[in-house]
Amino acid sequence: MRYISNTSAQQKEMLGVIGVSSIEDLLVRIPAKARLARPLALPSAMAETDLIRHLRRLAGLNAGADDHACFLGAGSYDHAIPSPINHLISRGEFFTAYTPYQPEASQGTLRSIFEYQTMIAELTGMDVANASIYDGASSLAEATLMAHSVTGRDTLVISRGVNPLYRQVVETYVEGPGLKIKSVALGDGVTDVDALRKAVSKHSATVVIQYPNFFGSLEDVRAIADIAHEAGALLIVVADPVNLGLLTPPGASGADIVVGEGQGLGVPMSFGGPNLGVFAAKQELVRRMPGRLVGATVDVDGQRGFVLTLQTREQHIRREKATSNICTNVALCALMATIYVSILGKRGLRKVGELSTAKAHYAARELTKIPGVRLRFTAPFFKEFTLRLPKSPERVIKRLMKDRLLAGVPLKGFDRAYKDCLLVAVTEKRTKDEIDAYAAALAAAVA
Amino acid sequence: MRYISNTSAQQKEMLGVIGVSSIEDLLVRIPAKARLARPLALPSAMAETDLIRHLRRLAGLNAGADDHACFLGAGSYDHAIPSPINHLISRGEFFTAYTPYQPEASQGTLRSIFEYQTMIAELTGMDVANASIYDGASSLAEATLMAHSVTGRDTLVISRGVNPLYRQVVETYVEGPGLKIKSVALGDGVTDVDALRKAVSKHSATVVIQYPNFFGSLEDVRAIADIAHEAGALLIVVADPVNLGLLTPPGASGADIVVGEGQGLGVPMSFGGPNLGVFAAKQELVRRMPGRLVGATVDVDGQRGFVLTLQTREQHIRREKATSNICTNVALCALMATIYVSILGKRGLRKVGELSTAKAHYAARELTKIPGVRLRFTAPFFKEFTLRLPKSPERVIKRLMKDRLLAGVPLKGFDRAYKDCLLVAVTEKRTKDEIDAYAAALAAAVA
Amino acid sequence: MHVAKPAYDKVIFELSSPGRFAYSLPESDVPDSDPAALLPKEHLRASAADLPEVSEVDVIRHYSRLSQMNYGVDTHFYPLGSCTMKYNPKINEDMARLGGFAWLHPLAPEAASQGALQLMWELARDLAEISGMDEVSLQPAAGAQGELAGVLMIRAYHLARGERRHTVLIPDSAHGTNPASTALAGFSVVELKSEANGDVDLVDLERHLDEDVAAFMITQPNTLGLFESRIHQITEMCHAKGVQVYMDGANLNAILGITRPGDLGFDVCHFNLHKTFTTPHGGGGPGSGPVGIKAHLAPFLPTPVVVKRDDVFALDWNRPQSIGKLQAFWGNFGMLVRAYAYIRTMGPDGLRSVSENAVLNANYILKRLEGDYDRSAPGPCMHECVLSARRQKKLGVSAMDIAKRLLDLGFYAPSTYFPLIVEEALMIEPTETESKETLDQFCDAMIQIAREAETDPHTIHEAPVTTPVRRLDQTLAARQPILRWRPTK
Amino acid sequence: MHVAKPAYDKVIFELSSPGRFAYSLPESDVPDSDPAALLPKEHLRASAADLPEVSEVDVIRHYSRLSQMNYGVDTHFYPLGSCTMKYNPKINEDMARLGGFAWLHPLAPEAASQGALQLMWELARDLAEISGMDEVSLQPAAGAQGELAGVLMIRAYHLARGERRHTVLIPDSAHGTNPASTALAGFSVVELKSEANGDVDLVDLERHLDEDVAAFMITQPNTLGLFESRIHQITEMCHAKGVQVYMDGANLNAILGITRPGDLGFDVCHFNLHKTFTTPHGGGGPGSGPVGIKAHLAPFLPTPVVVKRDDVFALDWNRPQSIGKLQAFWGNFGMLVRAYAYIRTMGPDGLRSVSENAVLNANYILKRLEGDYDRSAPGPCMHECVLSARRQKKLGVSAMDIAKRLLDLGFYAPSTYFPLIVEEALMIEPTETESKETLDQFCDAMIQIAREAETDPHTIHEAPVTTPVRRLDQTLAARQPILRWRPTK
Ligand SMILES: Cc1ncc(COP(=O)(O)O)c(C=O)c1O
Ligand SMILES: Cc1ncc(COP(=O)(O)O)c(C=O)c1O
């Protein structure tokens, strides 16, 4: 076996040293009735060339954004990924290292996480960020638990502008602690502030909104922050950091915790995972935060170095009293994001936002010129918007696939009220030609 | 510019230090009439996403062996390339290093070349190998010049079994020194030994054959070596090292110099370049060899280390008297080959030969079952063979492209005598299914 | 004499120069693209985020240099117990990066995702076969999330039967995520004392099993690297009291093709694809923690479930009793591709051989070191062995000191101080991918350190001296947390 | 105190263990596959080649560790004069690896290679525009082969006009490949003495120009990094005598978009895509050395020539006067893809900016170091500057010593002892991709060394001490050449 180094001669030699005659002798603690008496019923071993052929075939059955114009969003976005990222993260010293438990032999990872924490704090406008959570949804779930533990309150007030997939994950996570969820309806594409005001009470641990929200619209974060804070609840804002090069950071509008999906920062969509759960908070909440934190310190010679710190929050020390059960997180995705932000930098990240805005608005203009196609909401949107179609979105999607266009996410599955709606995302990667082709194809499809 | 580090502020600062006011001031030695008065007429800069789109389109116009079953050979072969090779050679420390002029900072490259030299010597059955020549053809050309300089003789006796493209390169290289070339005809697929005996004389610097030859047939190297040596000529054998895991190494049959194309050892075909010119010789010829050589030595502390050695053969020292003009060679391709040979190893390389033989012979059997399709020669062949077709090979090729089959190399362009012939190569990568599909498609095409 | 190079000591922000950039973005090709005209002013950032301004060469050089400050499996032996730091095959990386996988949007139409869904369906089926479980969900993002999912399914199961059970039993030898996940699922954790070798104390277990107990959660082989022999008895005892048995599958690398959790009576078992199935650790993830269950728990599986209907693969959302979702999409698909490629590469015989060699390697180390370090338990171990440095501790050399010294000798360190029930624990997991030569070098180093503890403890206390930084002040880091870079004025 | 790790000291053969393997090959799926039955016995190797027997993890770890013993542009500043060690963009690597490029067979039908041919056709056209030449052949595999092709075309040109000219004039400052290639093309080389700053000595040139001279071959900017101002006069003098003028284009990075060889009167010029156009050096190649020519030399271009006919790209073999082929196929296509990607990325303004910044960076270094090292010539330089360590040499510190000391200070070394006309030459080419910060660090190091030469030469003589090996015995290597590994008994 090419992944097993010892030859049978060496195996014999080692058994000799151990003083047994076969590997069986080492398995004596496994009782006979526990033993599997047959080989595993799995396909037999494939050679590398056969494996490649097989997996290329499977991959070929999928409509990837590498050869389709992708207007899908709803939590995963086809932003351009600069080439250096993959080259750098593929270096074995990063790729095949464990969590930096031995900091002296892990300064590469530790330094990059420290940079990552800084970037996320900057982008979100918060004081501190952790080293990552699995994805945006679980990051939100962790944030609601944290709000609960900080406030000692049991009700979560969540806008229906928050990605429904995220809300489902929150529901899973709050099952154990038995927290209650109050949903707040939308007005015209954004959280109904009056309804929110009514929903909030002294039992509210947190108010959760998304910015821009699931439908692409821009919430009035500041106003909602005030409502939450008046009631003594924390404001959690779900935000995609790739948008925050251009948009006002939630921290500047009063958020106490900002979570979100960082996939847009250089992480391939990869059918939805691995992703990058971003988590940032105000300084005073740091000791209640879930996940790893890297801090700066010095070594015995006084030289700067980095370590995992405030570990008494974590499961390996605090066990059932830990702030979270998270252990393995998504360090490599955080590294991708760190390199992404380094490459895009101060001006580039803003430009990604500008281009996405411009192209999304152009697309909305062009698409709504088609008879019967309208914007579902009038609220201002950013790079994603909700269309109402005169024909079944599912049919339209199928039709546009023929032109190698991934037209958008149909909303029926999320909410039947939106069964005639299509959520369209337009990143900086989309070209005018692609948008025009989309408009032409859509016009034909709904004609 | 993302590849230019200095900002305009820094540029100004630097100009200040230099004591000039603009970059123009640094270009004073370039006379006005030499200056280009307009911008270069090139397409304007493309962003990375646009570039990717453009080059994917160009690449998509080509029929690569990644999605076609490739039966093309004639000097470039679709052998399987183990995945680790690309991962390792892509490490910046290898990829972006220069020729190891500072050995202390280049031990990685030097060690790997030392390993490469050892592997090539082993495979070819020779004493020493150099660090590489551009490709098999230029390697052969260098070998003929070396034979000329060693023997002081002016005539090269070259079998028509040697790849005609290689013979063309030899012609180019011997134009300067004014050497004469005598071609020796083929008998039934292999060099006509009687004709060879007649062609050889005391003016012959070398006899050149290819093993297996251009048409896939196996030459009697030993017999030809005797003829060459009797006349005091050196025997140069062109051989593909990937075949020499199974086949008798030319060194064991009397070759004095072995050259060949090492592309099969893990180097992508890449439309024919970069390739890997292999060059190996007997010990006594080492000081007449072209190209770089790495040798073992010790450092001031007595530790083993490696350096470029016997450099007085080379152009940077010997200038017009150097054994060759070669400077940059193909070190990275040599590294690919080194890793390839490490992965395949003693048994794997033999197995590549066995599988190629088996599949080529199976293909020959199946294809020649088709009425009118015959082997052009009866001489034993290895992984490549020459078919005579009942219909125009060009037409057949075009027809089979529809089934994503690259059927073979038509021989008309090389020699009109073979205008009904197709040269078919079958590597270990081809499957029975592909061969059967080929047979079915060919049967239909010639029916 | 050789001297160390001064370590690189930059943070990317410190390379920044105003106006420098590495990005490549096209100019807008659409009309009317001024964001100030398109978005209300209050939504536009008042000032640009303070991010690095560097060139592409800055980025490449900085992160290449940072990487050189790390040890990885690709460069070093990494005997980190419980983590299964085996070699991560490169072909898996190529496969995960195929366009149809890496660039596939999770909400692409099902008809246009059939290859991805087929891969997931097959992988779930294969993991079920490997573990002897009936169904497998691939959604959990890592082991801890697999635990959460598993415990939540147990909870839902009891509730569906009308039972409210509040506690989960967990041995004191368990990994920290076990109690943490259990608590997160709303249970109280009762810690059971293990026997000295990590075996379950059956008497104690018996005593604790009652109608308030929802589950018993153990690691098999246990965290001392020993197979729990009385496992059938244990699972039967539990089942007799209506208690579900959960297996933490972190140590699955010991038993592939040899024995199966499902056949041992476990009701739930999670996998760590980033351990047993070669997906790289990446400096701390991403991982993937699929969870397998017996049929009675199937109604509670996370949504959606990948199903096959008439040769068409689909996501089934219609699972009214489901515990719901764990992450936004379907699982860490990129990791699933790697694990799938690995399983296909190895085949059934290969996988069995993995475990056999993992066990052989661990026992070889155990044998070679048992003279110099105390064993935590008698007899052969499975895929890892836990030694104690208590002898060295008496000489003033702790498990941590030994770990640091190993860094200087060219090895990453074993896990230390885990499991908690072993004093000065050194938990060593070599994995099957290491050769005897490497194991010998490591054992030689360990023995050298044992000697040094007796004769030259100073060298050990000074260690590491060859790493980019030396021992770091953890207390300072925690007391005055500096969690982000700030410009020095 | 920090201490260096002991260097890794293995050769792959030393990791071998009989029976171990890393390969993955399918079993034969065709009948009758025994080679002994298919091939005559004498063609089968009597005994297996003595190759390594190692596992995949052995391979990965060995070569990862070897790589760590190298300095590359990705990790270090590489001020190697004449080599243009600029940053190699990563996107070029991705593009060269696209399936339709990397897996394309050179003899695939033309109709199935249109994308590759188009790329070559466009690149040749672009290089012609950049250089002001009329046509460009992409076939030469490196600079030296480009020279050979160029000189052979000149030879063919003269012969076609019925002239037999036997000599080529080359300045003493030339790179070694110039005389070597010229000799290979069958000419005698006459070396011309340069002026002290590397300029052509016009009087001497005039004296040598006669009917036996086929060509004059110079580097522009010259190897001292200076632009030859009287270039029009020179090319005119030559042309008046029927002498062709060849430009070694190794230094093209200095003049992109500023001036063009073709406009200066050159008849032939080669390019080093591995210098100016960012294809990586790979530890010594592959490179790519296209050659550009004026129309009168077009009949002699190497075959085949990529042509465009009615929007279809083709290889034109019908060139009866061609000098023939230089390598088996069409050129180092993989490198052409990279160069093409680079030119498209930069555009005309970007390329000009490359040269401007390359010149700026070199002059900045020159300015900062001219107080401590002797300049080889007055005035501003182009893209590189040549310093002399003759002052240091008097203190017993040679150019080589300085180079070694730089390795310890974290930099690769400048080119040393080239050009030959400068005593103790240190040839420094920073390239445009380096930042002022890096240049300053380098200059600080150089100045530190100049101080050390005065006060602490011992440190310099001991250098390098931080590299995996220290100074190596070159004499021993050449006297008793050990050119391959052999097992020790
Ligand atoms: C025994 C055991 N259980 C659970 C876990 C948690 O797994 P993860 O880190 O994937 O969440 C680990 C991880 O180290 C472990 O070793
Ligand atoms: C001035 C000059 N000419 C020619 C060459 C030869 O080029 P190559 O190494 O590509 O053959 C070099 C390479 O260093 C050079 O610097």
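Letters A, B, ... mirror the listed sequences (proteins, then strands); counts begin at 1.
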Taking Y412(D) for its side chain and Q102(B) for its backbone only, find out whether a donor-acceptor pair lies under 3.5 Å. yes
Output the distance between atom CZ (R260(D)) and atom CG (L36(B)), rounded to the nearest 0.5 Å. 5.5 Å
Can you measure from CE (M269(B)) to CG (L104(D)) and round to the nearest 0.5 angstrom? 7.5 Å
Might you point out which heavy atoms bring A328(D) and A137(B) nearest each other, and give the distance in Å? N-CB, 3.6 Å
Side chain / backbone / both / neither for K367(D) at chain B, heavy atoms under 4.5 Å: side chain
Can a side-chain donor-acceptor contact be found between N70(D) and T109(B) if the only test is distance below 3.5 angstrom? yes
Sort P464(D) into side chain, backbone, both or neither according to what part of it lies under 4.5 angstrom from a heavy atom of chain B. side chain
Residue selection (most heavy-atom pairs with chain B, distance under 4.5 Å) from T433(D), D9(D), D126(D): D9(D)
Carefully, step by step, assess I258(D) and R35(B) under the rule side chain to side chain contact (heavy atoms under 4.5 Å, CB included). CA-CA 6 Å; I258(D) 298 173; R35(B) 304 297 292 272; 3.5 Å; yes
Measure R155(D) against the heavy atoms of chain B and call it side chain, backbone, both or neither at under 4.5 Å. side chain
For L310(B) against A478(D), the heavy-atom pair lying closest together: CD2-O, 3.6 Å
Looking at E104(B) and T467(D), would you say the former's side chain and the latter's main chain have a donor-acceptor pair under 3.5 Å? no
Does any heavy atom of chain B fall under 4.5 Å from the side chain of L80(D), the backbone, both, or neither of them? side chain
Top of G345(B), A97(B), G353(B), A322(B) for chain D proximity - count of heavy-atom pairs under 4.5 angstrom: A97(B)
Run the numbers on R352(D) and L40(B) for side chain to side chain contact (heavy atoms under 4.5 Å, CB included), then give the verdict. CA-CA 9 Å; R352(D) 190 184 160 106; L40(B) 288 169; over 6 Å; no
Between E56(D) and chain B, with a heavy-atom cut-off of 4.5 Å, which part of the residue counts as in contact: side chain, backbone, both or neither? side chain
Counting only heavy atoms closer than 4.5 Å, note whether L152(D) contacts chain B via side chain, backbone, both or neither. side chain
Heavy-atom distances under 4.5 Å only: say whether Y87(D) touches chain B with side chain, backbone, both or neither. side chain
Give a yes or no answer on whether the side chain of H105(D) reaches the backbone of D78(B) with a donor-acceptor pair at less than 3.5 Å. no
Which one wins on heavy-atom pair count under 4.5 Å against chain B: V54(D), V189(D), T75(D), D50(D)? D50(D)
As an exercise: rank L476(D), L98(D), L107(D), N363(D) by heavy-atom pairs under 4.5 Å with chain B and give me the winner. N363(D)
Applying a strict 4.5 Å limit to non-hydrogen atoms, the region of M85(D) in contact with chain B is side chain
Check whether any side-chain N or O of N325(B) sits under 3.5 Å from a backbone N or O of A180(D) as a donor-acceptor pair, and report yes or no. no
Would you name the heavy atoms of A358(B) and S28(D) that are closest together and state the gap between them? CB-OG, 4.3 Å
Under 4.5 Å to a heavy atom of chain B? For Q327(D) that would be both
Work out which heavy atom in T259(D) is nearest to a heavy atom in A34(B); give both atom names and the distance. OG1-O, 2.7 Å
If you compare all heavy atoms of S353(D) against all heavy atoms of I4(B), which two are closest, and at what distance to 0.1 Å? OG-CD1, 3.4 Å
Proximal component of L264(D), with respect to chain B [non-hydrogen, under 4.5 Å]: side chain
Cut-off 4.5 Å, heavy atoms of chain B, and the answer for I231(D) is neither
Max heavy-atom pair count under 4.5 Å with chain B, selected residue of V337(D), D349(D), L226(D): L226(D)
Can you find a pair of side-chain heavy atoms, one from V11(D) and one from R111(B), that are under 4.5 Å apart? yes
Rounded to the nearest 0.5 angstrom, the CG-OH distance for N88(D) and Y3(B) is 10.0 Å
Salt bridge or not between R471(D) and D301(B)? Use side-chain N to carboxylate O under 4.0 Å. no
Counting distance only, does the side-chain N/O of Q315(B) pair as donor-acceptor with the main-chain N or O of T177(D) below 3.5 Å? yes
Taking the side chain as C-beta and beyond, is there a heavy-atom pair between P84(B) and Y63(D) under 4.5 Å? no
Can you tell me if T297(B) uses its side chain to pair, donor with acceptor, with the backbone of L472(D) under 3.5 Å? no
So, the part of E93(D) with a heavy atom under 4.5 Å from chain B: the answer is side chain
Between the OG atom in S64(D) and the CZ atom in R91(B), the distance rounded to the nearest 0.5 Å is 4.5 Å
Check E122(B) with R484(D), please: is the shortest side-chain N to carboxylate O separation under 4.0 Å? yes
Using a 3.5 Å distance criterion without hydrogens, assess whether the side chain of R45(D) forms a donor-acceptor pair with backbone atoms of L123(B). yes
Between K436(D) and E13(B), is the closest basic N to carboxylate O distance under 4.0 Å? yes
Between G19(B), S270(B), A129(B), which has the largest tally of heavy atom pairs under 4.5 Å with chain D? S270(B)
Side-chain donor-acceptor contact under 3.5 Å, N62(B) with Q114(D): no
Output, in order, the C-alpha distance, side-chain angles, deciding distance and verdict of side chain to side chain contact (heavy atoms under 4.5 Å, CB included) for F329(D) and F271(B). CA-CA 8 Å; F329(D) 301 112; F271(B) 205 41; over 6 Å; no
Answer yes or no: is there a donor N or O on one side and an acceptor on the other, between the side chain of T172(B) and the main chain of I323(D), under 3.5 Å? yes
Counting only N and O atoms by type, is there a donor-acceptor contact under 3.5 Å from the side chain of D29(D) to the main-chain atoms of K432(B)? yes
Would you indicate whether the side-chain heavy atoms of S138(B) and Q145(D) approach each other to under 4.5 Å? yes
Most chain B-contacting option - heavy-atom pairs closer than 4.5 Å, from G324(D), G143(D), G72(D): G72(D)
If you measure from OH on Y23(D) to CD1 on I343(B), what distance do you get to the nearest 0.5 Å? 13.0 Å
Polar side chain donor-acceptor pair, N361(D) to N6(B), under 3.5 angstrom: yes
Give a yes or no on whether a salt bridge exists between D263(D) and K33(B), defined as a side-chain N under 4.0 angstrom from a carboxylate O. no
Under 4.5 Å from any heavy atom of chain B, what part of H62(D) do you find: side chain, backbone, both or neither? side chain
Residue selection (most heavy-atom pairs with chain B, distance under 4.5 Å) from A102(D), A48(D), G347(D): A102(D)
Can a donor-acceptor pair be found between the side chains of Y78(D) and T96(B) at a distance below 3.5 Å? no
What are the two closest non-hydrogen atoms of P39(B) and E129(D), and how far apart are they? O-OE2, 4.5 Å
Do Y364(D) and Q11(B) have side-chain atoms, one donor and one acceptor, less than 3.5 Å apart? no
Which bit of A185(D) comes within less than 4.5 Å of chain B, counting heavy atoms only: side chain, backbone, both or neither? backbone
In Å, rounded to the nearest 0.5 Å, how long is the span from CG of L349(B) to CG of L51(D)? 6.0 Å
